[in-house]
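What follows is one structure encoded as structure tokens, with my remarks underneath.
These figures come from a predicted structure and were not determined experimentally.
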Amino acid sequence: MQTFLRIVFLALTYWIVGLLVALMAMPPGFAVAAFLPAGMALGALLLFGRRLWPGVLIGSFGLNLSIVYGSNLALSTTDLVMATTIGLGSTFAAVCGEWLITRFCSRHHTLSSERNILVSYFLGGPVSCSISATIATVSFVLLGTEAQQDIKHIWWTLWLGESIGVLLVLPIMYLLFARPRVLWRARWLSLGMPLVVVFTLMAAVFIRVNNAELDKIRESFSLQAQPFSANIKTRLESQLGVLKSIDSLFHTTSIITQSDFENFVATPMQDNPEIYALSWNEYIQHGDREENNRNDTITEEDENGNIITAPERDDYIYVKYIVPVVGNERVKNFNIASIPSRRAVLDRAALTRKAQMTAPIKLVQDTVTSKAMLLFYPVCQPELTGDQTSPHELQGFATAVVFMNRIVEEALIAYGARPTVSVTLEYVNSKGLEVIHRGNNTSDSILSDYVFFKESFEFAGQKFYLTLSPTDTFILQHKNLFNWTVLAFGFLLCALLGGVLLSLSLRSNMIKQQVFERTLELSLILEHASEAILTINNKGSITKINTAAACLLGGSSEDLNNSSIIPYLPNLGLNKNTIDEVFSGKNNSVIETNLTTATNENLAVEIGVSTIEIEGDVYRILIFHDLTERKKSERLKSEFISTISHELRTPLTSINGALRLVGSGALGAVDEKIKKMIDIASTNAERLQQLVGDILDIEKLEFDQVNFNIETFNLVDLINQSIESMEVFAQGYKVNIVKLDDLKAFDYITIRADKNRLIQILVNLLSNAIKYSKPGGDVEIGLSVSLDEATFMIKDYGRGIPEYFKKYIFERFSQADSSDSREKSGTGLGLYITKALVENMSGSIWYESEFGRGSKFFVSLPRPKK
């Protein structure tokens, strides 16, 4: 277990420290001037053994995966393979370094002499780090992630950064964990503090200088990104201009044919390649359709996606002309107003007399697989005036089928910045942001988290967010590696300084580690303990007291030493009885009482009592724990229960009863709309009443305020009774409750439990199974019996429990989906209460579930002993 915890701790520390030093990373290859986790890995293996190597592998894998995900916001198979390869390389380097050092220096004398220091630094740093640098560089080349970079430069920066990290951190690891602790602790001032101070100063200087350079890069990128943003908006306005020209065409020409329309839009479509199609969508009313005998021309989609003749409607907005015709035959004469989402945008455009754009949609055309956005421009009769358009004034809509990703691609081509910029275009929908276009040239550099351009704009009723990120090409063109070189050189000097200081510290006096070691340890433990600890003799005099106990009693350690404990514990009867009489039989136990401080303040405390004997004298160690906050919390919870009982339950019952009375028509006929609202209010009142009841049950269970009437009775009768009570509820969900053969086989099975609480458990489990079953499904209940206990099982064939949620299933307010509380009318408290009730009746509850196939819940309760 200790090894496992060390592996976990090493992995987490490796990952966290790696993320911190990554802030000083420079392209290419995420190289840092001092990769500290390399030294941590080698030090851990030297100090605690080679068996900790999984911690290095996990930490390195997680670190590289985090860096890649943080820069790309996506993970590919290549990323996973690269992270695994680098992790294996780091692990192999650490294991080889540990093996070489122990081979030539021995584990217990690694840094014990000048020779051993030099050997350890050389083998653990430059030699072993060449392994990890080589493996990482080869993986970069083979996987193609650094194909454009200088391979020698990649290897050099990785090797140097890891070597410096080993030289810096290895002595710190020994200062923190090596034994004997007294010897290494004494070196903190002479070795640890100078290393930490120098490292911190150099890192601070680097970060300050680097931030100034980042500001310059950010400003340069912003200057390049702004014209691109303007280009995107210009191209969108160009689409709108095309539609306005179609509006002018219909205002100036009385009769327009398909051929006229094709000739008119040919040039605009050639100039705007991002437009997939242009169409004229004519508006007619049903009478116009009958008058022009269009019953067989206007079409719609049925539920299966088949094109059918449009049924009778009040009006139609159908595709009369479309260019190009080839590839769009399916949409010709299609009533686009038959699709609710598009009808809403059309109505908004007609009402505002402004162009409106749909969300990204799947087109009716089978030949188009990408999602497009439709841009509608309302065309009205030219003689109309006023602020709004009525249906009789509307002629139709000039419509453009626009692929937004093509707009971005065309803008990139025109901008000429594809190698140095990556574009992400999003729009705002009801659920948040949805990506329309995401560039493939995302940078793998950490700088892309700090250098970017983001702008929002609105067009045709839609809001868009445009984000531009720099690629590696841009970063390498603008990033100066001089800072990295200076930082690496400074860290190297810092590491060499650590070696010199370590060598000098070896000459210090080894005898200091043995001076009063045990006495010092005991004093430190007692003095710095967070709990109040004191010792008293048989007369009740305080012989030793720590700072926490002195603060609790309200005095100083000097004043309280040799004083009597009796005045501080008036409720224990120390003034009437001897110490032995009061604490007799209470050794290694806990006493709950009141403490009176020197300032006459009463505190509720727990006292842990233990007895020791020193040279024939008996002493008692008292450990105090302040219960004031816990008592206050218990009192507040108790008051809360009372408030819920008297202030919420009664009015809720009255509200619910009144709503039912009004809804039933007992006070007179109720309009159907009003009745519907009353039913909704009544349902929600019942849910609130159920929630209040569940919360009360929880609080009572926590404070042991639930009375259990444990008796012997027939479990089979109780199960049958519960099934009967749930039949109507199950019918409402169209679910059948089925008794399995193993339940039918029993007529009389005795158990010991609380009958009413067991009914509550059965109803809870049956209710959950019914609610999560599919209509027409079955809920099965079975029974198995042994000599000591009886177990009933409730099984459903619903959706089951997701894997991620299984550990929360018996917690408060737990439901696998936030929508469940609305969809299934639950509070998320049922299973928590059920588990508490079962355990209070000496039973057990568990479940089996497979996501998508249903769940089985089991409850075992004890049988009476013969």
Parallel, tilted or perpendicular, as decided by the 30° and 60° cut-offs, for the rings of Trp156 and Trp159:
tilted
Distance from Leu249 atom CG to Thr252 atom OG1, nearest 0.5 Å?
5.5 Å
4.5 Å side-chain heavy-atom contact, Ile246 and Phe264
yes
Drop me the distance from Thr358's OG1 to Arg348's CZ, to the nearest 0.5 angstrom.
9.5 Å
Only one of Ser130, Ser128, Ser132, Ser90 clears side chain to side chain donor-acceptor pair (under 3.5 Å) with Glu162; which?
Ser132
So which of Val166, Val169, Leu20 actually passes side chain to side chain contact (heavy atoms under 4.5 Å, CB included) with Leu36?
Val169
Nearest heavy-atom pair of Phe397 and Pro378: which atoms, and what distance?
CD2-CA, 3.6 Å
Residues in side chain to side chain donor-acceptor pair (under 3.5 Å) with Ser279, at least two apart?
Asn281
Evaluate the side-chain proximity of Ile86 to Met82: yes if any heavy-atom separation is below 4.5 Å, no if none is.
yes
Side chain proximity check, Met357 to Phe459, heavy atoms < 4.5 angstrom:
yes
Derivation and outcome, salt bridge (Lys or Arg N to Asp or Glu O under 4.0 Å), residues Glu282 and Lys320
CA-CA 6 Å; Glu282 184 170 330; Lys320 186 173 183 179; 2.9 Å; yes
Report the C-alpha distance between Ile164 and Phe35 in whole Å, list the side-chain angles of each, state the deciding distance to 0.1 Å, and finish with yes or no for side chain to side chain contact (heavy atoms under 4.5 Å, CB included).
CA-CA 7 Å; Ile164 294 175; Phe35 189 67; over 6 Å; no
Hey, could you give me the CD1/CG distance between Ile336 and Leu374, rounded to the nearest 0.5 Å?
7.0 Å
Taking the side chain as every heavy atom from C-beta outward, state whether Met404 and Leu236 have any pair of such atoms under 4.5 Å apart.
yes
May I ask you to decide if Pro227's main-chain N or O and Asn231's side chain share a donor-acceptor pair within less than 3.5 Å?
no
Between Thr424 and His437, is the side chain to side chain contact (heavy atoms under 4.5 Å, CB included) condition met? List the steps.
CA-CA 5 Å; Thr424 299; His437 173 88; over 6 Å; no
Hey, mind stepping through Val423 and Leu466 against side chain to side chain contact (heavy atoms under 4.5 Å, CB included) and telling me if it holds?
CA-CA 7 Å; Val423 182; Leu466 178 67; 3.6 Å; yes
One pair to check against salt bridge (Lys or Arg N to Asp or Glu O under 4.0 Å): Glu455 and Lys233. What are the steps and the verdict?
CA-CA 11 Å; Glu455 185 179 44; Lys233 288 180 278 188; 3.6 Å; yes
Candidate pair Thr84 and Phe61, rule side chain to side chain contact (heavy atoms under 4.5 Å, CB included), full reasoning:
CA-CA 6 Å; Thr84 303; Phe61 175 81; 3.3 Å; yes
Check: Phe452 and Ser422 side chains under 4.5 Å, non-hydrogen atoms:
no
Within a strict 4.5 Å, meaning less than it, do heavy atoms of the Leu243 and Thr399 side chains meet?
no
Looking at OG1 of Thr234 and CD of Gln239, how far apart are the two atoms once the value is rounded to the nearest 0.5 Å?
11.0 Å
Spacing of CD belonging to Glu274 relative to CZ belonging to Arg235, to within rounding of 0.5 Å:
5.0 Å
Might you point out which heavy atoms bring Gln226 and Phe453 nearest each other, and give the distance in Å?
CG-CE1, 3.7 Å
Are Phe250 and Trp280 close enough that their ring centers fall under 6.0 Å?
yes
For Thr13 and Phe9, indicate whether the former's side chain and the latter's backbone hold a donor-acceptor pair under 3.5 Å.
yes
Indicate the atoms forming the closest heavy-atom contact of Ile135 with Gly89, along with that distance.
CD1-CA, 3.6 Å
Leu80 side, atom CG; Asn64 side, atom CG - distance, nearest 0.5 Å:
11.5 Å
Say whether, by atom type as modelled, one donor and one acceptor occur between the side chain of Asn429 and the main chain of Gly432 under 3.5 angstrom.
yes
Phe464: which residues meet the ring-ring contact (aromatic ring centres under 6.0 Å, His included) condition with it, sequence neighbours left out?
Phe457
Do NZ/NE/NH1/NH2 and the carboxylate oxygens of Glu237 and Lys244 come within less than 4.0 Å?
no
Using modelled atom types and a 3.5 Å cut-off, is there a donor and acceptor pairing between side-chain atoms of His251 and backbone atoms of Cys380?
yes
Kindly say whether Gly87 contributes a backbone atom to a donor-acceptor pair with the side chain of Thr91 at under 3.5 angstrom?
yes
At their closest point, which heavy atom of Phe221 faces which heavy atom of Ser469, and how far apart are they?
CZ-C, 3.5 Å
Report yes if the side chains of Ile436 and Met373 come closer than 4.5 Å at any heavy-atom pair, otherwise no.
yes
Looking only at heavy atoms, which two atoms of Gln462 and Val428 are closest? And how far apart?
OE1-O, 3.9 Å
Is any side-chain N of the basic residue among Arg218 and Asp215 closer than 4.0 Å to the acidic one's carboxylate O?
yes
With a 3.5 Å distance limit and no angle check, can you tell me whether Tyr321 reaches the backbone of Ile256 through a side-chain donor-acceptor pair?
yes
May I ask you to check whether over 12 heavy atoms, not counting those of Phe92, lie within 6.0 Å of atom CZ?
no
Beyond-backbone contact of Leu278 with Val242, side-chain heavy atoms, under 4.5 angstrom:
yes
Taking atom types as modelled and ignoring hydrogens, do the side chains of Gln258 and Glu262 form a donor-acceptor contact shorter than 3.5 angstrom?
yes
Which atom pair, heavy atoms only, marks the closest approach of Phe228 to Leu468?
CD2-CD2, 3.6 Å
